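Accompanying notes for the structure given below.
Fair warning: this is a prediction, and the values are worked out from it, not measured in the lab. So you know, we letter chains A, B, ... as the sequences are listed, proteins then strands, and number each from 1.
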Amino acid sequence: STSPTPATTKPPTVVNLMLDWTPNTNHTGLFVAQEKGYFAREGLEVKFIQPSSSGNVEQLVAVGKADFGVSHQEQVTTARANDVPILSLAAIIQHNTSGFVSPTSKNILRAKDFEGKTYGGWGLPSEDAILKALMQKENADFSKLKMINIGESDQLTSLTKDIDLTWIFYGWTGKEAELRNQTLNMMWLKDVDPALDFYTPVVITNEKMIQSQPELTRQFMQAVSEGYQYAIKNPTEAAEILIKNAPEANPDLIRSSQAWLSPRYQADAAQWGIQKSEVWERYAKWLVERNLLPKMIDPSKAYTNEFLPEANS
Amino acid sequence: MGLSLRGLSKSYSSPQKNLSMEVLQPLDLEVETGSFVSLIGPSGCGKSTICNLVAGIESPDTGKIFLDGRAIQGTLGNVGYMPQKDLLLPWRTLLENVLLGCEIMHKDRLEARVEAKEWLNQFGLSPFSEHYPHQLSGGMRQRGALLRTILFGKKTLLLDEPFGALDALTRREMQRWLLSIWNRTRHTVLLITHDIDEAILLSDRVVVLSRRPTRIIQEFKIPFPHPRDPDELLLSNVAIGLKRQLLDLLIH
Amino acid sequence: MGLSLRGLSKSYSSPQKNLSMEVLQPLDLEVETGSFVSLIGPSGCGKSTICNLVAGIESPDTGKIFLDGRAIQGTLGNVGYMPQKDLLLPWRTLLENVLLGCEIMHKDRLEARVEAKEWLNQFGLSPFSEHYPHQLSGGMRQRGALLRTILFGKKTLLLDEPFGALDALTRREMQRWLLSIWNRTRHTVLLITHDIDEAILLSDRVVVLSRRPTRIIQEFKIPFPHPRDPDELLLSNVAIGLKRQLLDLLIH
Amino acid sequence: MGWLKWKWIPSLVFFLFLLGAWQIVITSFHVPLWLLPTPTRIAQALWETRQLIWSHTLTTVAETTVGFALAVVFSLISAGVMVLSPWIKRLIYPFLIISQTVPLIAVAPLLILWLGYGLLPKIMIVMIICYFPITISLIEGLELPDPDYLNLLRSMGASRWQIFHIVRWPHALPLLFAGLKIAATYSVMGAVIGEWLGASSGLGVYLTRSSHSFLTDRVFAAIFAITALSFLYYALISILARLALPWIQSKNHDSH
Amino acid sequence: MGWLKWKWIPSLVFFLFLLGAWQIVITSFHVPLWLLPTPTRIAQALWETRQLIWSHTLTTVAETTVGFALAVVFSLISAGVMVLSPWIKRLIYPFLIISQTVPLIAVAPLLILWLGYGLLPKIMIVMIICYFPITISLIEGLELPDPDYLNLLRSMGASRWQIFHIVRWPHALPLLFAGLKIAATYSVMGAVIGEWLGASSGLGVYLTRSSHSFLTDRVFAAIFAITALSFLYYALISILARLALPWIQSKNHDSH
Ligand SMILES: Nc1ncnc2c1ncn2[C@@H]1O[C@H](COP(=O)(O)OP(=O)(O)OP(=O)(O)O)[C@@H](O)[C@H]1O
Ligand SMILES: Nc1ncnc2c1ncn2[C@@H]1O[C@H](COP(=O)(O)OP(=O)(O)OP(=O)(O)O)[C@@H](O)[C@H]1O
Ligand SMILES: [Mg+2]
Ligand SMILES: [Mg+2]
């Protein structure tokens, strides 16, 4: 296991960490590790970078412009199927906390009700497949669902105007809806099909990193892991740390989101971050069956638990 | 009757020191109907200003302008005005330029075209009617501008140095043209020029203006009868005497 | 010695029909050192073309140009050239414009300034030395351009209608200036003009050119001695006789 | 076919040379496809998805054309009003300048929020992008004819409207076309930004989807399509300008 | 303080009137904050996060200034080369036009991919955006002086370089400044696009974060800051132009 090296003896190693989106409660553990000095203790100086929602974290990590990144199992799967050499080091949240929402007033309760409605999405290839699968299960006609790409826009406001349903992370957008007293019907993705209970988000790096600098990777993951454990145990303090690091965000939203999300980081897993082979395999197969991947991926190369700290630490 | 200016004065404000610069002292001038009067005077004395006032582009500070007994100061469209520059519109062919006045007066297009073409022919411009101004020589352009002014159809013409930019020969030709046209049409003409020969050759009367603020120094009757022979007239002793007198006046 | 043109010819290609237009037929002309020669001829006959050839801006098709025995056709910087337009640079003050030649020749700045200021004073332009060209009247600009040409320091001057855009009075003044300067400096001058009086007043010799393709029709010696009295000279019988001859030649 | 002249041959050769160099560098250094595809791969992607690209292009063309046309209409109206009433001009002109400094990519999401995901917000974005260069050049053109021309017409008793259509308008045409060229160049970009932020079809959608699927060759195919479309608009305006400005045409021809 | 003139008073009054109307409409129709905030809310957001905005602004200013300066340098070099060698111009000019039609928002992610997410790609984007208007106007300015001036200098035996700095350069200055003004207006937008795609600080980052946190008042505060910054650049260039072009200054003053 790693022995803490005093920061004074060696200059810290600079490490770039690219987020997947605006700093939010998915990232709390990362900021805790920064604030509490876990990174520093490991001899790391971590720089945070934030892209827009349409960012290309995966490619940036793949070419080594960023050493680590936050991504999602869907992206990693698609990327690997296109020979982009990245892999997942840890699942930040054990179960998929995303799902399809619609305003309660529209009374959309089942996939059958999607017919004749408008879906506002992110422009990801998997969206079509998931919705299609969902609707086919109930013998609904997917072609009657209008798909539009809403990109950067405020999903909740769009729900009151142009679209009927959209795909959100409950821990962030759902909480904002609660703050706004906007009542929503939520259809959890993990309930639709076990294959869709994938890891989202995950911590990623590139293959070269784990081969050439396994020790650095281990140190990094040690700090990250401790950060999330702290966030699990101390939701209130963790929320304040995130608020300090994301001064542009709404503190009320962060507090309520953190309270909801902290118990879900680890959930039923033995340890924070653990990933299961079947989750990777199931989802990739599911995509291949629907012709959404150019080829099947090797799940064992798409993720690793090797860099997580020993369970007893 | 004709054109008469009564007590016309005009000042411009100088921008730098908020001083006002008097250009015209109250000035009186008569141009009888059908007569040809030339104005001559030093540069910057206010000749163009007088034209602008008569054309109505500017308004006098005091005084009135009568055209056939009607006060016209500050009103537009009463006289044909040919400014110093030819001002042919670059995006119109010569013919279209010449027809400008007819268009503004909403005259019958076809009739106007026929008339214009005949005039162009007389002016030796027929082959160039579809040319754009930049394809014409300076002399052709100036003839076009003169033609435009005549076709505008007013009985009174203001010509501000109409031949200023021409070489000696073209200038002589143009002067003959103007003379022959005037012999036929007997417009009322106020001509501004800095060429003493030109003034003597064309006018019934030459009015000499002083430096600013401008007043009339003297008027000369030009005693030659119409039609005139330009070649002989200017070398005659009477003309040479007049010229010497005019020069003396302008220099001192 | 002086300037001599030998068998100079030049054609331009007409863009429309790929025809070539002959401007100069082989042409010979001598301007002796220290003499003042005027060129006079109809518009478009090729006077400016001759200047451009001498100045080296264009190259002749055939023929040679000698300056003091040296062939200079196609080479630049041998003569002082004052083009028809004043071409003062709008972004330079009068003084800076006048110093243009010294700057190009890398002359000593301070010395040049002192000399330029003295000349500006003589030209009556001292109070305007810091003005930009658009703040000057046409006469002042033209005087500036003349001064620039003189200060360029060449013994040979080409003046292409230097007073073309001036009114009669300013023009007279400028002619006197030029005459008095020439009396002091005795440059070799080739002057282009369309004003017969001007040619007679200033030149030792007047050369009359034909219409295109251009050849020399006739040369006139002007028999008045220097220094001349402009007021009397032009009204003398000899001058009037010369003028009539020149006119006849140009018209027919 | 003025643009297919001999004088463009060196550029064309140079362009082909650049493509060749690109191809060789990529293949010899084994740059992975997802990082930078070879020109042949891009051409292949273009060909394989030609129907898809074509249908997306139609949407973009519709948005661009309508937005552009509306921009022209509004420019004509507002420039006309500003030229005929200097008072209104003084009131509005500063806003014109400031409006240009407002970051469109920040405002576009709001526009989409307010106007929905249909064609409307894209048309608006195209219109906003195109409006400024057209209006500015039109105002300059309408205001700057030599005052002597205006005075000549006034002396003939011409009405404001006659002065407008006899002098101001023809004088403004060359500048108007310069503005139209700039606007045409940027119009497609406006539509793509709009589509990027929310749409169901259009080249911007094709671009985002390809990018999210890590299909870099298609991303480049999209860039190529967008560039080609913009250039087509530019060429169209250039040809139109030649036809509409015969006097300038003849001037340039004479002087060469 | 040329811009603080009486003649802008009506515009200012009109602007305040618009703000007032906005405020009243929002409050009386109870438009929710997250859809469209009132001006007072925006002002409040500006004030509350002033330190945050200031620190983000510094980043953006750095990117913009460096990118702008580089664009100027490259414009000077390439315009100079193209003017001195017509052959090179004919080779490169078509690419200049085409480059302008390439959609920057599609290329920007690639730039970030190749150059990382430091200041470099943002500086590049700003540079690309600014380069075009500056270069085009510079080329036009350098090429278009009256040929008679050039001939006059040639007749005096001036060298190419003397002709360049005595005639071409001063003649190009007013057009150069016009191009600089346009470039200044767009430069901040370029930096914001770059930051939007990946950065750790800058006004674009502030903008995205606010937008993702559903804080519409801060989104507007960001838009305001970006607009103000762009306008400041514009004003700076205008003042510089006045100082650098005394002869134009005196001309305008004389004719009013
Ligand atoms: N709009 C104006 N504002 C201020 N001053 C003016 C204006 N128009 C003319 N002036 C001045 O009024 C005087 C008379 O000008 P005007 O153009 O009438 O002279 P002119 O006799 O026609 O001269 P020229 O023979 O050179 O054409 C000049 O000194 C000129 O500077
Ligand atoms: N660059 C050129 N290309 C074609 N033709 C030209 C060119 N320069 C001059 N010409 C023609 O050559 C002839 C002579 O021109 P030039 O300018 O020498 O005449 P000019 O005697 O100076 O006339 P003006 O008295 O009007 O100044 C004209 O007919 C003109 O059309
Ligand atoms: Mg005048
Ligand atoms: Mg000439």
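E:Leu152 has its side chain out of reach of C:Met82: every pair of non-hydrogen atoms, C-beta onward, lies at least 4.5 Å apart. Residues C:Trp91 and E:Val167 meet the side-chain proximity criterion, which asks for heavy atoms closer than 4.5 Å.
Residue-environment remark: CZ (C:Arg92) exceeds the threshold of 12 foreign heavy atoms within 6.0 Å. Within a 6.0 Å sphere centred on CD of C:Glu22, other residues, nucleotides and ligands contribute more than 12 heavy atoms.
Residues of residues 169-185 of chain E placed with any heavy atom under 4.5 Å of a heavy atom in chain C are listed by number as E:Pro170, E:His171. Within residues 153-164 of chain E, the residues having any heavy atom closer than 4.5 Å to a heavy atom of chain C are E:Leu153, E:Arg154, E:Ser155, E:Met156, E:Gly157, E:Ala158, E:Gln162, listed by residue number. Within residues 59-74 of chain C, no residue approaches chain E closer than 4.5 Å by heavy atoms. Scanning residues 102-110 of chain C against chain E with a 4.5 Å non-hydrogen threshold yields C:Glu103, C:Ile104, C:His106, sorted by number.
For E:Ile166, the parts sitting under 4.5 Å from any heavy atom of chain C are the backbone and the side chain alike. At a 4.5 Å heavy-atom cutoff, the contact between C:Val79 and chain E is made by backbone atoms alone. Of the two parts of C:Tyr81, the backbone and the side chain both hold a non-hydrogen atom closer than 4.5 Å to a non-hydrogen atom of chain E.
For the atom pair C:Ile57 CD1 and E:Asn151 CG, the distance stands at 4.5 Å (nearest 0.5 Å).
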